[in-house]
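Take a look at the structure below.
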Amino acid sequence: MTEVVHTPRVFSGIQPSGGLTLGNYLGALKRFVEMQNSGIETLYCMVDLHAITVWQNPDDLRHATRELAAGFIASGLDPQKSILFNQSQVSAHAELAWVFNCVARMGWLNRMTQFKDKAGKNRENASVGLFSYPNLMASDILIYKATQVPVGDDQKQHLELTRDIAAKFNNDFGVDHFPITEPKIEGAATRVMSLRDGAKKMSKSDPSDASRINMTDDAETIAKKIRKAKTDPDGLPSEIEGLTDRAEAKNLVNIYAALADMSVEQVLAECGGKQFSEFKPMLSDLAVAKLSPISGEMARLMEDTSEIDRILGDGARKANAIAQPILEETYDIVGLIRSK
Ligand code: TYM
């Protein structure tokens, strides 16, 4: 087998199911922008086919997809530098996912914790799409032979499965076709936690709106949510060890560090000894300063959804031009006839 050196390429995606949270911003979007500006080719996708693995009202889905695109652009993703598109407009994602349905093993998918969490107790009633979701995710990445995927910590298991699928495909067919993708789970905010419970991830699906900061929240709402965020009675330590077993305190420090582009150590060196009554207003001011321009720009972009649709269409054409030859090559490896 010839050893292939895969060209560096970044891919990542976000589901248009509900609005963007601070967790999505710090764990993913902000990192997408950094990678866009690092000179590597970048593709970022609104994964609408993933969103429909659970019920979506069609009008809400259309709105959420456009709002997510607005969030991408408002956060600093430039459609001239990155390929921005929605997944369903590039049919190769779904086509390669079928091949991967035939590569991945039932046992692998049975171990996926996200399926167990999302399906809950009533597994018999979960959609088949929810079960095979990780295969579509592997396809999103490998249809571009992406080598790096920036994500939050909760996607780690899915990325390991993507690597397993690539390795099994290469091994089954005796080729070095797909790269073994590297997850990029880095920075102070790979797992932003709920503001109400430091043991739970900040999530758009949490029933309590007070548990999260939404990218569309206004300054007053952000300040109120941070003021009410759960903490413990102690002040901030000056060393990182002082945050051990203090999930809520640690979460607020991590958020501050990620928003300020500082390390946790730097934040503690500056703020160690302060009480939360002093630190929380600092955090609110910082969050408002960083997030308000983004929400303002999102609202402005949403006034012209035809422009958003144009950007997504343009991105889909560019994505398709990369994906289609890789799909053809894959079908050929598998033995599927392609008439010229
Ligand atoms: P999704 O839509 O749930 O989340 C999008 C991204 O945001 C990150 N994230 C967080 N990071 C830190 N703290 C949090 N509280 C937090 N909540 C969410 C997620 O880790 C993710 O990076 N399966 C994916 C979407 C997807 C995808 C892909 C990602 C589909 N295909 C291919 C990468 C590559 C998901 O449901 O993300």
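Values reported hereafter were calculated over all heavy atoms of this structure, with side chains retained and with hydrogens, waters and symmetry mates removed. Remember, it's 1-based here, ligands and their atoms both numbered in the order they're listed.
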Run the contact test for Lys204 against ligand 1 with a 4.0 Å cut-off on heavy atoms, strictly below, and give the result.
yes
Specify the protein heavy atom at minimum distance from atom 32 (C) of ligand 1: its residue, its atom name, and the distance to 0.1 Å.
Phe11 CE2, 3.5 Å
Are any of the side-chain nitrogens in Glu329 or Lys145 under 4.0 Å away from the carboxylate oxygens of its partner?
yes
Option of least heavy-atom distance to atom 20 (O) of ligand 1 (set: Asp140, Asp154, Val151):
Asp154
For atom 37 (O) of ligand 1, what's the nearest protein heavy atom and its distance?
Gln155 NE2, 3.8 Å
With heavy atoms and a 4.0 Å threshold, my read on which part of Ala189 contacts ligand 1 is backbone
Would the distance check show the side chain of Gln36 and the main-chain N or O of Gly76 forming a donor-acceptor pair, the cut-off being under 3.5 Å?
yes
Under-4.0 Å heavy-atom contact with ligand 1, by part of Leu26 that carries it:
neither
Please determine, by modelled atom types, if Ser306 and Asp309 share a side-chain donor-acceptor pair under 3.5 angstrom.
no
Test of proximity, Ser12 against ligand 1: N or O pairs below 3.5 Å:
no
Looking only at heavy atoms, is any part of Val149 under 4.0 Å from ligand 1, and if so is it the side chain, the backbone, or both, or is it neither?
side chain
What residue and heavy atom of the protein are closest to atom 22 (O) of ligand 1, and at what distance?
Gly152 N, 3.1 Å
Is Lys250 atom NZ crowded by more than 12 heavy atoms from other residues, nucleotides or ligands, each under 6.0 Å away?
no
I'd like the name of whichever of Asn24, Asp153, Leu43, Thr162 reaches closest to atom 7 (O) of ligand 1 through any heavy atom.
Asn24
Check: Val54 and Leu130 side chains under 4.5 Å, non-hydrogen atoms
yes
Could you find the nearest protein heavy atom to atom 6 (C) of ligand 1 and give me its residue, atom name and distance?
Ala28 CB, 3.6 Å
Side-chain heavy atoms of Met262 within contact of Tyr256, under 4.5 Å:
yes
I'd like to know if Lys225 and Asp209 make a salt bridge, using a cut-off of under 4.0 Å between side-chain N and carboxylate O.
yes
Under 4.0 Å between a side-chain nitrogen and a carboxylate oxygen: does that hold for Asp206 and Arg212?
no
Got the closest protein heavy atom to atom 23 (N) of ligand 1, with its distance?
Tyr133 OH, 2.6 Å
Looking at Lys201, which atoms of ligand 1 are within less than 4.0 Å of one of its heavy atoms?
15 (N)
In ligand 1, the atoms that come under 4.0 Å of a heavy atom of Ile141 are 32 (C), 34 (C)
Any N/O pair Met137/ligand 1 closer than 3.5 Å
no
Under 3.5 Å between any N/O of Ile14 and any N/O of ligand 1: does that happen in this structure?
no
Is a salt bridge present between Asp261 and Lys30, judged by a nitrogen-to-oxygen distance below 4.0 Å?
yes
Parallel, tilted or perpendicular: which one describes the rings of Phe276 and Phe279, with boundaries at 30° and 60°?
perpendicular
Side chains of Glu95 and Tyr331: is there a donor and an acceptor less than 3.5 Å apart?
yes
In plain terms, say whether Arg163 and Glu160 are close enough for a salt bridge, that is, a side-chain N and a carboxylate O under 4.0 Å apart.
no
Would Gln15 count as being in polar contact with ligand 1, using the rule that some N or O on each side must be under 3.5 angstrom apart?
yes
Heavy-atom proximity to atom 11 (N) of ligand 1 ranks first, among Gly23, Gly13, Ser139, Pro150, for Gly23
Considering only the protein, which heavy-atom contact is closest to atom 13 (N) of ligand 1, and what is its distance?
Val192 N, 2.8 Å
Atoms of ligand 1 under 4.0 Å from any heavy atom of Arg191, numbered from 1 in the order shown, are 12 (C), 13 (N)
shortest atom 12 (C) of ligand 1-to-protein heavy-atom contact is with Thr190 O, 3.3 Å
Need the ligand 1 atom indices (1-based, order shown) with element for anything under 4.0 Å from a heavy-atom of Gly27.
11 (N), 12 (C)
Begin with the C-alpha distance, continue with both residues' side-chain angles, and end with the deciding distance and a verdict on side chain to side chain donor-acceptor pair (under 3.5 Å) for Asn214 and Lys204.
CA-CA 8 Å; Asn214 304 302; Lys204 44 195 156 197; over 6 Å; no
